[in-house]
Number of protein chains: 2
Amino acid sequence: MKQEKELYRDFLRSKNLKLTKPRLIIMEAVFENHEHFNVDDLYEQIKKKHKNVSRATIYRTVPLLVESGLIKQSLRCESKDIYEHTYGHENHLHFICENCGKIIESGFSEVANLIDTLAEKENFKISEYNLGARGFCKDCQK
Amino acid sequence: MKQEKELYRDFLRSKNLKLTKPRLIIMEAVFENHEHFNVDDLYEQIKKKHKNVSRATIYRTVPLLVESGLIKQSLRCESKDIYEHTYGHENHLHFICENCGKIIESGFSEVANLIDTLAEKENFKISEYNLGARGFCKDCQK
DNA sequence: ATTTTATTGAGAATGAATCTCAAATGCATA
DNA sequence: TATGCATTTGAGATTCATTCTCAATAAAAT
Ligand SMILES: [Mn+2]
Ligand SMILES: [Mn+2]
Ligand SMILES: [Zn+2]
Ligand SMILES: [Zn+2]
């Protein structure tokens with residue numbers, strides 16, 4: 001069985017939550033898709049194969065996936081929260097093009113190390129980094 | 001006349017926008033307050049002195065203040081967009097406590113320099129940094 | 001002062017996210 | 001495998017930050 005499925009199952013069990021069919025379908029869909037996504041994207045993707053998973057359940061499940069460490073919330077886009085699966089992927093930061101919406105991924109660890117140093121000075125315990133920038137990609141600088 | 005007022009006036013003129021009473025009241029309120037704020041905070045603050053500035057006008061004016069460079073949008077908090085006046089202030093990044101909501105400001109330039117280097121590699125032109133982290137402040141680590 | 005044009009306030013509309021609740025399901029136990 | 005109970009689900013209603021509409025008003029240009 002895939003790593004992420006085991007991790008998910010263990011996470012749910014550790015919180016006394018049931019491994020239900022919708023929860024499994026949602027988790028699998030998240031790993032089938034390698035793009036950044038919002039809840040509606042995910043809903044549309046799932047609907048193709050499984051008629052009976054509701055938006056409400058996706059809205060309820062996404063925070064569980066975040067808490068389990070399988071996915072991360074990313075910068076919001078068009079006033080919707082966006083996510084990406086991160087389990088098994090290098091941490092990275094995002095450059096978002098304000099013109100075409102393209103998301104460019106870039107390094108992370110150097111930046112994270114620096115932030116860690118600053119956080120330590122403040123006795124702040126980081127649970128989630130929020131690193132990136134908005135601007136214009138190569139193609140949109142006319 | 002204060003620097004920021006001149007800058008604002010010039011900005012508005014350059015976009016053929018009128019320097020109206022509400023626009024002036026809103027801009028002044030933003031610089032009277034030295035905290036991070038959301039639109040509703042600002043509305044309540046303004047209402048104390050000026051009865052006739054509507055939420056709609058504040059919602060319309062805040063993006064102008066952002067575009068003029070007088071204020072910046074910061075991390076959102078409790079599903080509301082939050083802002084701070086930044087004109088005349090050092091750039092800085094934010095650590096936000098997930099428990100008590102406290103916002104801690106910290107250095108910036110080292111991090112920004114690093115990000116600049118990464119952005120350059122991608123030919124990405126940054127217009128706004130998004131730098132910070134969520135986690136737990138000194139007092140909330142029990 | 002008159003004309004032109006942008007802006008305003010008030011309330012309606014939008015839409016992402018959350019909530020409600022009766023019906024369905026997972027899972028522990030016998 | 002069948003039973004019992006707590007959790008979860010789908011569907012739709014609700015919330016609430018933000019945006020929009022539009023007739024009335026105010027700023028600037030003439
Ligand atoms: Mn990414
Ligand atoms: Mn700040
Ligand atoms: Zn672009
Ligand atoms: Zn705290």
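Per chain, numbering begins at 1; letters A, B, ... match sequence-line order.
- Taking the six-membered ring for Trp and thresholds of 30 and 60 degrees, B:His36 and B:His94 have ring planes more than 60 degrees apart, a perpendicular arrangement.
- Between the side chains of B:Glu84 and B:His92, at least one donor-acceptor pair of N or O atoms lies under 3.5 Å.
- One can place CD of A:Glu44 at 12 Å from P of C:dA16, the figure rounded to the nearest angstrom.
- Axis angle, first five pairs versus last five pairs of the helix from C:dA1-D:dT30 to C:dA30-D:dT1: 40°, rounded to 10°.
- Checked for salt-bridge contact, A:Asp139 and A:Lys102 meet the test: a charged N lies under 4.0 Å from a carboxylate O.
- Annotation: A:Glu32, atom CD; neighbour count of heavy atoms from other residues, nucleotides and ligands within 6.0 Å is above 12.
- Listed for the A:Thr61 side chain is no donor-acceptor partner under 3.5 Å among the backbone atoms of A:Ile58.
- Rounded to whole Å, atom C1' of C:dG15 lies 15 Å from atom CG of A:Asp41.
- Near DNA chain C, meaning a heavy atom under 4.0 Å from it, residues 67-81 of chain B has no residue at all.
- Annotation: A:Glu122, atom CD; neighbour count of heavy atoms from other residues, nucleotides and ligands within 6.0 Å is above 12.
- Aromatic ring orientation, B:Phe124 versus A:Phe95: parallel (interplanar angle below 30°, classes split at 30° and 60°).
- Listed by first and then second residue, the side-chain hydrogen bond (donor to acceptor under 3.5 Å, both in side chains) pairs involving residues 17-26 of chain B amount to none (not counting sequence neighbours).
- Partners of A:Asn52 under the side chain to side chain contact (heavy atoms under 4.5 Å, CB included) rule, at least two apart in sequence or in another chain, do not exist in this structure.
- Under the 4.5 Å side-chain heavy-atom criterion for ILVMFWY residues, a single connected hydrophobic cluster contains both A:Val66 and A:Val39.
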Going through the checks in order, is the salt bridge (Lys or Arg N to Asp or Glu O under 4.0 Å) test met by B:Glu44 and B:Lys47? CA-CA 5 Å; B:Glu44 292 300 332; B:Lys47 200 167 59 175; 3.6 Å; yes
Whether each nucleotide of nucleotides 24-30 of chain D has a protein heavy atom under 4.0 Å at its base (B), only at its sugar-phosphate (S) or at neither (-) is summarised, 5' to 3', as ---BS--
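- Across the protein-nucleic acid pair, A:Leu12 atom CG and D:dT8 atom C1' stand 12 Å apart, rounded to whole Å.
- At whole-Å resolution of the value, NZ in A:Lys15 and P in C:dC27 are 17 Å apart.
- Against DNA chain D, the stretch residues 47-66 of chain B makes heavy-atom approaches under 4.0 Å through B:Ala56, B:Tyr59, B:Arg60.
- C:dA16 atom C1' lies 11 Å from atom OH of A:Tyr83, rounded to whole Å.
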